[in-house]
Every structure is written in structure tokens, then in C-alpha cells.
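The sequence lines fix the lettering, A, B, ..., with proteins before strands; numbering per chain opens at 1.
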Amino acid sequence: MGQQISRRSFLKGGMAAAAGVAASSIPGTEALAAPDESKQLATLIDISKCIGCEACVDACSEVNAEKYPNPQKPFPKMVPNRVPVEDWSEKQDVNDRLTPYNWLFIQHAEVEINGAETELTIPRRCMHCVNPPCVKLCPWGAAKQLENGISRIDSDLCLGGSKCKKVCPWDIPQRQTGTGLYLDLMPSMAGNGVMYKCDRCYDRVADGELPACIEACPEDVQTIGPREEILKKARALAKETGGYIYGEKENGGTNTIYVSPVPFEELNKAVEKGKGKPHLKPVEDTMARANNLAAAMLIAPVAGIAAAVGKYINRSKTVSKGA
Amino acid sequence: MNQNLANTRVIGLPSRWIYLTTTFFLVLSGFGQMPIFKRYYIADIPGLGWLAKFFVTHYIHYLGAIVFLALTAFMIADYLISKRNSRHVTASGYVRIALLTGILISGAMLVIRNLTGTNFAPEFIIFLDLIHLGLVMVFLFVSLYCLIFKKHWTTER
């Protein structure tokens, strides 16, 4: 009887403790986990300056051409039949959406500014989140986050599982079937190709150069710098122009900060969304829910030990009562 | 009478069921971290659609880990406090403890990896992923072996 009661109280007590901690966030751990904003590189994109000339899109394709896949056909048959074959190798010129061969594209939005119909053009690519789910949730570690906040997918390791795309709030990574490591493992049963997305020209940045899209832009739409500085600039610009910001808080914060003359709700309605064409909706911090449970994992063993001690004390009481 | 029956069990039924259920969901949600359940139609089974939702399996895995950590601590503390003098851990028990230790430590490192601001070296992350999966597979085989050949975690002194 004594044993049963303490097990029940273990369950109740342990769960209550875990739930209580999970429900509240612990200020100390937040401070520990705060990213070093002075090390992360962010980009400010001033939408009002963009003229949609696509110089950035062309520069991106040119500079990254050597990173593009060269899949060999025919592709090995994949099992089961429903596994989608995603082949862009003969559509490499498509640049009105994201593809494995096009990591940046211009989104168009017809909006009203001061009563006049205007077309705004928006360069769209990976947002380079501060805590990127594509990097953190890849089951193999094929996606990496550099110290400067840039996230990139290693095309030598990626198996093309596409989980990164599914957990990305904007569905950014794009798959090319028939290329990559999966061909050397079990090509019919596991893997599907390699995922591709903007890597912020990490190799150029490492050499002290600008990402290709920033260098090519004739209108200085983009500014790159330490995150803290870029956020200050974005807030100042928004204040000065009565503009709106996107990317500062989305998904827990990204390193791509858009400033727009019209609210992003309007922009989101106006742009064409779909496969390879990301939205501009608000995005909650997708990693937060589970990360908030991390503190409960520290409390859990304590609860277990407490339950064992409680059981022992209960049993001692029962035994001494019996005697 | 009932008291005697209860005393013949080394580990009570509730603990046993918690262990089995939690391990089941941990293994299921753990394998669900890889994009296999949708590919192989398992998520098409009515009621199992959640297996293809990555943030759901991720959360369930964390919940399972919390329960498993509490249970493990309880089992170890209970053994040290109440059973150390009457029972000793068997060889197969030590093997399973060693495997679980590796799984729990690599799992804890992966939880830390997921926090905002953590930036482990890419090679280390790959190592953690493979170790975590590898040890789980070995643990499952060892557990199956122990189940078939009735190898207990502890025996009487």
C-alpha cells in the first residue's frame, strides 16, 4: 500500500514539476542561450529602393554556378513509387521562384501607396534564421550554421530527405534528385538527392568580400553588417519613413531584415505564393516550444530521485508502524 | 496475500509500464526525426498522421525524454537506497546501463545543440547524431536478446 501511494505521488509530483517548469521560461537560461549579436551578420533589405532589375538574381546564378548540381540520368528508381522526383536540371533558367539552380528571385507586389498603385519588388531567399530549424533539425547534420550566423547545406553530405524544407517556415530549401551522397548508399531505399538554398556566399564573405547579390545591386538595396548594427539601421529607417519591418522577430529572429513602405500583411496578400515562392506572414518561433522543455529535463532526474527517497521514507514509516 | 504478491515483483507494474510506453514513444518519435514515415506510408495509417509532422515528433521526443530521465533517476536511486543489499546488477544490466548512458548523454548534447545560440562544430553534430542513433539500435537489439533469453537487470545476491 505504501509503495503504491509513493509511485502515484511520484507520477503526480514529477509530472507537476516538469509541467510547471515547462510552462514558465527561466530567465537565466535565456541569457545563456542569447546569440552573440556582434558575431552574427545580418542584411538589411530596403524594399522601397528595389527596382526589380534582377541584377542580384543574375549575379547569384553566375557566382554560384560551380556549386550547382550535375545530376546523372537516368536517376535510380526510388521505392516506394510515391517518392517525388524533383528535377530542375533542364530548367536551370527558371528564375521566378526558388529552385536548386536559383537561390534568389524577385517577388512582385501590386500595392497602393498614398493612393497610387505601385509595384514593389522584393528580393527573396533564405532568411538565415538566428536559430535555424533547417540546421538544428537535420537528422544527419548536413546543414550547418557558421559562427557568423550564415546557414548552409553541405551538398557533399545532404541526402535530400527534404526535412529541412518542411521545418523551414518559408519552405526555402529546394531539392534536386539524382545527385549527392545517397547515390553511394542505398539510392532506391533512402535519400533522394541534395537540397539547395542561398548560402550567403559564405566563401566570399570568409574572404572579406560581399555576397554577390549585394555587390551587383545598382540601387544599394542591401546593407550587410553585424546584426545589432543592422537592426538599429532598420529601426531608424522604418521610423524615418513610416515603414515596417519583417525578419527581426519572425521564427525567433532572422538575419534578413526587410523594411517596407507598406505593412507586410498587405505585401503578403499581394505577392504570388506557392512552391518556391515564400510568403511574408508572421512566423512564431518554431524551435521555442521544444526548447522551453529543456529546463524540465534538468528537473526530471531530481523529481525521480525525490520519488525514490519518498518511497523509502514511506516504507520506513509503514514498517515502523507495523512493528 | 496481495502484499506478498506485490513483494515478489522487483520492479512494480507502474514503473514497468512507464518504461515500456516511454521507450516505445521515444523510439517511434526518434525514428520519426528522419523523413521515413511519410515515405513508407506509415503516416498514412489512420491516427498516425502525426508521425510525419516533424515539430510534433520533436516535442513528443522531448516529453518522452523528460519522463525517461525521471524514471531512470528513480530506478537508480531506488536501487541504491533500497535494493543494493539484496540484489546486484547483472552483466546484461550493466551493458544496458552503459548503452542508455551513451544515449542519454548524446541526447542531452543534442538538446543543447537545439538551443538558440549554441554553435557546435559540424563534425561533432554528425558524431552526436550517429552515436545517438547507433546506440539506440544496439540497445534495441540487446533488449530483444535479453527479453528472449530472459536476462534480468538484477538478480538476488
Side-chain angles (χ1 to χ4, degrees), chain A residues 1 3-4 7-8 10-11 14-15 17-18 22 29 32-36 80 82-83 130-131 133 136-142 144-147 154 157 161-163 166-167 190 252-253 285-291 293-294 296-297 299-309 311-312 315, chain B residues 2-3 6-7 12-15 18 33-36 38-41 44 52-55 58-63 65-82 107-108 110-130 133:
Chain A
M1 202 45 194
Q3 283 184 11
Q4 284 170 10
R7 278 198 197 94
R8 225 178 285 144
F10 150 67
L11 281 170
M15 285 296 93
T29 52
L32 276 173
D36 187 350
R82 65 145 52 160
V83 181
V130 167
N131 195 29
K136 300 290 175 99
L137 298 183
C138 172
W140 315 115
K144 315 173 188 199
Q145 187 182 30
L146 308 179
E147 240 184 67
D154 189 335
L157 295 174
S162 198
K163 176 176 177 181
K166 295 209 175 74
V167 298
D285 187 347
T286 55
M287 296 292 290
R289 210 171 279 170
N291 280 342
L293 289 182
M297 289 191 197
I299 310 272
V302 177
I305 293 171
V309 170
K311 173 185 161 196
Y312 173 72
R315 189 145 33 100
Chain B
N2 284 343
Q3 194 76 324
N7 280 336
L13 273 179
S15 297
I18 294 172
Q33 298 309 300
M34 300 182 282
I36 53 176
K38 180 162 181 204
R39 176 170 176 155
Y40 287 103
Y41 293 103
D44 287 20
K53 297 189 182 154
F54 292 116
F55 282 110
H58 182 63
Y59 196 73
I60 286 177
H61 202 71
Y62 273 41
L63 285 177
I66 291 170
V67 175
F68 198 83
L69 279 168
L71 181 70
T72 304
F74 173 79
M75 296 292 210
I76 294 173
D78 185 46
Y79 171 79
L80 290 174
I81 295 171
S82 314
L110 287 168
V111 167
I112 295 170
R113 181 273 309 253
N114 285 339
L115 295 172
T116 306
T118 310
N119 213 325
F120 289 157
E123 299 80 12
F124 182 57
I125 291 175
I126 294 170
F127 168 76
L128 284 177
D129 285 328
L130 293 175
L133 177 64

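- Interface remark: B:Asn114 contributes backbone and side-chain atoms alike to the contact with chain A (heavy atom separation under 4.5 Å).
- Proximity to chain A (any heavy atom under 4.5 Å) is shown, for B:Tyr41, by both the backbone and the side chain.
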For A:Leu137 and B:Phe54, run side chain to side chain contact (heavy atoms under 4.5 Å, CB included): C-alpha distance rounded to whole Å, both residues' side-chain angles, the deciding distance at 0.1 Å, then the answer. CA-CA 9 Å; A:Leu137 298 183; B:Phe54 292 116; 5.5 Å; no

Requested in this report: List the steps and the verdict of side chain to side chain contact (heavy atoms under 4.5 Å, CB included) for A:Trp140 and B:Ile126.
Outcome: CA-CA 6 Å; A:Trp140 315 115; B:Ile126 294 170; over 6 Å; no

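- Considering every non-hydrogen atom in both B:Tyr40 and A:Pro80, the closest pair reads CE2-CD, 3.8 Å.
- Listed options B:Asn119, B:Leu63, B:Thr72 were ranked by heavy-atom pairs under 4.5 angstrom with chain A; first place goes to B:Asn119.
- Taking both residues in full, the closest heavy atoms of B:Ala73 and A:Pro301 are given as CB-O, 3.2 Å, listed atom of the first, atom of the second, then distance.
- Qualifying ring pair (Phe, Tyr, Trp, His ring centres under 6.0 Å) partners for B:Phe68, counting only residues two or more places apart in sequence or in other chains: none.
- Using a 4.5 Å cut-off between heavy atoms, B:Lys53 does not touch chain A at all.
- When heavy atoms are compared at a cutoff of 4.5 Å, A:Val167 approaches chain B by way of both its backbone and its side chain.
- The parts of A:Lys163 that come within reach of chain B are both its backbone and its side chain, each placing non-hydrogen atoms under 4.5 angstrom from that chain.
- One N or O on the side chain of B:Arg113 and one on the backbone of A:Lys136 form a donor-acceptor pair closer than 3.5 Å.
- Residue A:Val302 does not touch chain B at all, counting heavy-atom pairs closer than 4.5 Å.
- Only the backbone of A:Leu146 comes within contact range of chain B, with heavy atoms under 4.5 Å apart.
- If you measure heavy-atom distances from A:Ala306 to chain B, you find no contacts under 4.5 Å at all.
- No more than 12 heavy-atom neighbours from other residues, nucleotides or ligands sit within 6.0 angstrom of CZ on A:Arg289.
- Using a 4.5 Å cut-off on side-chain heavy atoms (C-beta onward), B:Asp78 and A:Lys311 make contact.
- Expressed to the nearest 0.5 Å, how far CG of A:Leu293 lies from CD1 of B:Ile66 amounts to 4.5 Å.
- In this structure, A:Ile299 CD1 and B:Leu69 CG are separated by 12.0 Å, a value rounded to the nearest 0.5 Å.
- A donor-acceptor contact shorter than 3.5 Å links the side chain of B:Asp129 to the backbone of A:Gly141.
- For the options B:Ile125, B:Val111, B:Ile81, B:Leu130, heavy-atom pairs under 4.5 Å to chain A are most numerous at B:Ile81.
- By the salt bridge (Lys or Arg N to Asp or Glu O under 4.0 Å) test, A:Lys144 pairs with A:Asp154, sequence neighbours left out.
- With chain B as partner, the option from A:Val309, A:Thr286, A:Leu157, A:Asp285 having the largest number of non-hydrogen pairs under 4.5 angstrom is A:Thr286.
- Separating the OG atom in A:Ser162 from the NZ atom in B:Lys38 is a distance of 9.0 Å, to the nearest 0.5 Å.
- Nearest approach of B:His58 to A:Ala290, heavy atoms of both residues: CD2-CB, 3.3 Å.
- For a residue to count as touching a neighbouring chain, one of its non-hydrogen atoms must lie under 4.5 Å from one of that chain's; by this rule B:Phe55 touches chain A with the side chain only.
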